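Here the structure is a predicted model, which is why all the values come from computation and not from measurement.
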Amino acid sequence: MEKGFDSSSNCITIKIKDFSMLHTFESAQPLTFYADYNKDKNTIKYASASGKLAMLVDLKEDGNTATMSAYGSDGEALYSELKTRFRLKDNMQKIYKSIDKDENISKAISRYRGMRLTINDPWETTLCFIISQFNNVKRIRLIVKNIVDRFGSALECSDGSVINTFPTSRQIMQATDAELRRLGTGFRSKYITSAAEFCTNNMDLYKLSPNNYEKLKSRLMEIDGVGEKVADCIALMGYGNLNAFPTDVWIKRTMEKLYFDGKKTRLFDIHEFAKDYWGKYAGYAQQYLFHDARTSKAKR
DNA sequence: ACCCAGGCGGGCG
DNA sequence: CGCCCGCATGGG
C-alpha cells in the first residue's frame, strides 16, 4: 500500500492491492455508502452522521491494484478513516488462504477477488440493517437514500460540492411515523423511531466494546427491531467483528445446500459449523458466499 | 395473480 | 425452548 497527500488540492491518493471497488459495492454490503454511489464513474460521496468524515472517493481499478483518491483538509485523519473503513490493512492473501477450504469458496474467491468487507458507523449500520429486514437490496438502497436526503444536513465539501450527512439518531427521532412510512420504510417505521430514541437516550453505540463479539451482539439485540441476524450484520459491518456470520435467507439456503446435505438446518447449527470451519474470518466467507449466491441466481 | 426479499416480535403449545 | 404468523412495498 502506497500513499501520498497533495496539500494544494487536499487530495490523498492510495494504491491498494487486492481491492475491487466493483465487487465490494455490488456485494451490497457497505449499505451506508450507497446514498451517492456512482457505479459508472466509480465514485462515492459520503458524509458521516458524526460530521467527522466527508469524502469524495474516486476509485480506479487496474488488475488487482486500485487507486483511491479522496479529499479532505487533514491528510492523516483522512488516511486513517479510509484505512479503517475499507479495511485496507487486511491481508487478503492470508485471509483467502485461511477461508479457502473447499471448491465453493475457491470459486467465489476467484470470481470476486478483491472484494472487501467495510466498516461503517455503528448507528448508520444499525439503521440500514433495520431497514434491510424482510426487504430486498434495491429497495433498501432506495429507502436509505430517501432517509439521507430527507433527514441529513447539507455539508459543503472542499471542492464546493454539497453532500447530505447521514442523519444522526437524534435527527431520526424527530421523524414522525407517517413521514418515515412515506419514505418507504413500511412496517419497520416503529423500529426506526424506537431505535433512534434508544440509541440517543439509553445506549451509546460509540461506547460499546467492539471486540467482545458475544457481549456486543447481546447488547445490540436490546434494540427493538434488532434480532440475531441484524445484530450480526452490525457486529461485522459496524464494528469489524470478522468472526460474525450473518445468516439471512440467501446464506441459510446456500449453507443447507452446500454443507448440510440439502436439509433444513437450525441457525444455531449453521453458526457452530461456520465457527469451526472458517473460524476468525467467517465473516469474509459469508460475504463471498452471499455475493456468489445472489449473482448466480440473477444470471439464471 | 403469485412469490420473494440481507427478519423480527409476539403468541401459542 | 421451537414453531408459526403477520407485516409494507415493489419487482420479477
Side-chain angles (χ1 to χ4, degrees), chain A residues 23-34 37 108 112 115-120 122 124-147 175-199 217-239 241-242 244-257 263-272 274 282-300:
Chain A
H23 295 321
T24 299
F25 275 76
E26 291 306 293
S27 73
Q29 173 264 132
L31 291 173
T32 61
F33 286 155
Y34 274 152
Y37 161 55
Y112 313 114
M115 181 169 74
R116 302 256 178 159
L117 286 163
T118 61
I119 297 179
N120 293 282
E124 298 171 23
T125 308
T126 300
L127 177 58
C128 286
F129 280 98
I130 285 175
I131 292 167
S132 81
Q133 66 171 269
F134 197 43
N135 211 340
N136 61 65
V137 171
K138 192 173 178 182
R139 260 176 51 76
I140 297 163
R141 290 175 60 166
L142 177 70
I143 295 167
V144 170
K145 178 164 171 48
N146 288 344
I147 288 180
T176 65
D177 193 69
E179 205 166 11
L180 284 171
R181 280 175 179 264
R182 217 175 302 129
L183 301 178
T185 59
F187 66 91
R188 307 163 195 83
S189 59
K190 61 179 183 291
Y191 297 142
I192 294 172
T193 43
S194 152
E197 276 186 47
F198 191 71
C199 293
K217 190 168 160 182
S218 67
R219 289 306 309 276
L220 292 170
M221 286 172 70
E222 291 174 28
I223 303 168
D224 192 25
V226 174
E228 221 181 322
K229 190 273 175 180
V230 168
D232 271 326
C233 285
I234 304 168
L236 179 62
M237 303 160 199
Y239 291 89
N241 280 266
L242 290 181
F245 194 83
T247 305
D248 71 319
V249 290
W250 294 97
I251 287 294
K252 187 168 190 297
R253 271 200 297 261
T254 301
M255 292 297 288
E256 287 169 348
K257 182 183 163 195
K263 292 192 185 109
K264 197 176 165 191
T265 308
R266 290 182 310 169
L267 177 63
F268 179 84
D269 296 326
I270 292 177
H271 277 171
E272 286 298 301
Y284 259 110
Q286 178 274 158
Q287 197 59 32
Y288 277 79
L289 290 175
F290 174 77
H291 189 41
D292 196 37
R294 279 173 34 90
T295 307
S296 52
K297 172 84 177 185
K299 277 182 193 159
R300 245 179 271 152

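Taking the P atom of each, C:dC3 and B:dG6 are spaced 24 Å apart, rounded to whole Å. Comparing the C1' positions of B:dA5 and C:dC7 gives a spacing of 13 Å, expressed to the nearest Å. Here the separation of C:dG10 from B:dA1, taken at their C1' atoms, is 15 Å to the nearest Å.
For the residue pair A:Ala28 and A:Arg294, the shortest heavy atom distance occurs at CB-NH2, 4.2 Å. Of all non-hydrogen atoms in A:Phe290 and A:Ser27, the two that sit nearest each other are CE2-O, 3.4 Å.
With C:dG2, B:dG6, B:dC8 as the candidates, the nucleotide lying closest to the side chain of A:Arg266 is C:dG2. Side chain of A:Gln133, nearest nucleotide from B:dG9, B:dG6, B:dG7: B:dG7.
Looking at A:Arg116 and A:His23, their side chains never come closer than 4.5 Å, going by heavy atoms from C-beta outward. Side-chain atoms of A:Phe198 and A:Asp224, non-hydrogen and from C-beta on, never get closer than 4.5 Å to each other. No side-chain heavy atom of A:Thr32 sits less than 4.5 Å from a side-chain heavy atom of A:Val144.
Straight-line distance from the NZ atom of A:Lys252 to the P atom of B:dG7: 12 Å, rounded to whole Å. Between A:Leu127 atom CG and B:dG6 atom C1' there is a gap of 15 Å when expressed in whole angstrom units. If you measure from atom CZ of A:Arg188 to atom C1' of C:dG6, you get 13 Å, rounded to the nearest angstrom. Here B:dC8 presents its P atom at 14 Å from CD1 of A:Ile131, a figure rounded to the nearest Å. Following rounding to the nearest Å, A:Leu267 (CG) and C:dG2 (C1') show an atom-to-atom distance of 13 Å. Between A:Asp177 atom CG and C:dC7 atom P there is a gap of 15 Å when expressed in whole angstrom units. We find that CG of A:Asn120 is positioned 15 Å from C1' of B:dG6, with the value rounded to whole Å. Regarding A:Asn146, its CG atom lies at a distance of 13 Å from the P atom of C:dT9, rounded to whole Å.
A:Asn146 contributes a side-chain N or O that, together with a main-chain N or O of A:Leu183, makes up a donor-acceptor pair within less than 3.5 Å. Using a distance-only test at 3.5 Å, with no hydrogens or angles considered, no donor-acceptor pair links the side chain of A:Ser189 to the main chain of A:Thr185. Side-chain atoms of A:Arg188 do not come within 3.5 Å of backbone N or O of A:Gly225 as any donor-acceptor pair.
OP1 or OP2 of B:dG6 lies within a sub-4.0 Å distance of a side-chain N or O belonging to A:Arg294. The phosphate of B:dA5 (OP1 or OP2) has a side-chain N or O of A:Arg253 nearer than 4.0 angstrom.
Judged by closest nucleotide on DNA chain B, A:Ile140 is the one of A:Ile223 and A:Ile140 placed further toward the 5' end. The residue among A:Asp248 and A:Met221 whose nearest nucleotide of DNA chain B lies closer to the 5′ end is A:Asp248.
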Dump every N/O contact between nucleotides 10-12 of chain C and the protein below 3.5 Å, one line per pair.
none

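Ring geometry for A:Phe187 against A:Tyr191 counts as perpendicular: the plane angle is over 60°, on a 0 to 90° scale with 30° as the lower cut. The aromatic rings of A:Tyr34 and A:Phe25 stand perpendicular to each other, their planes meeting at an angle above 60°, with 30° marking the opposite boundary.
At a threshold of 4.0 angstrom between heavy atoms, the contacts of A:Met237 include nucleobase atoms, whether or not backbone atoms are also involved.
Where stacking is scored as ring centres under 5.5 Å apart with planes under 30°, A:Trp250 does not register as stacked on the base of B:dG6.
Using the Watson-Crick or G-U wobble rule with both distances under 3.5 Å, C:dT9 pairs with B:dA5.
Contacts between residues 225-236 of chain A and DNA chain B, defined by a heavy-atom separation under 4.0 Å, are made by A:Gly225, A:Val226, A:Gly227, A:Glu228, A:Lys229, A:Val230.
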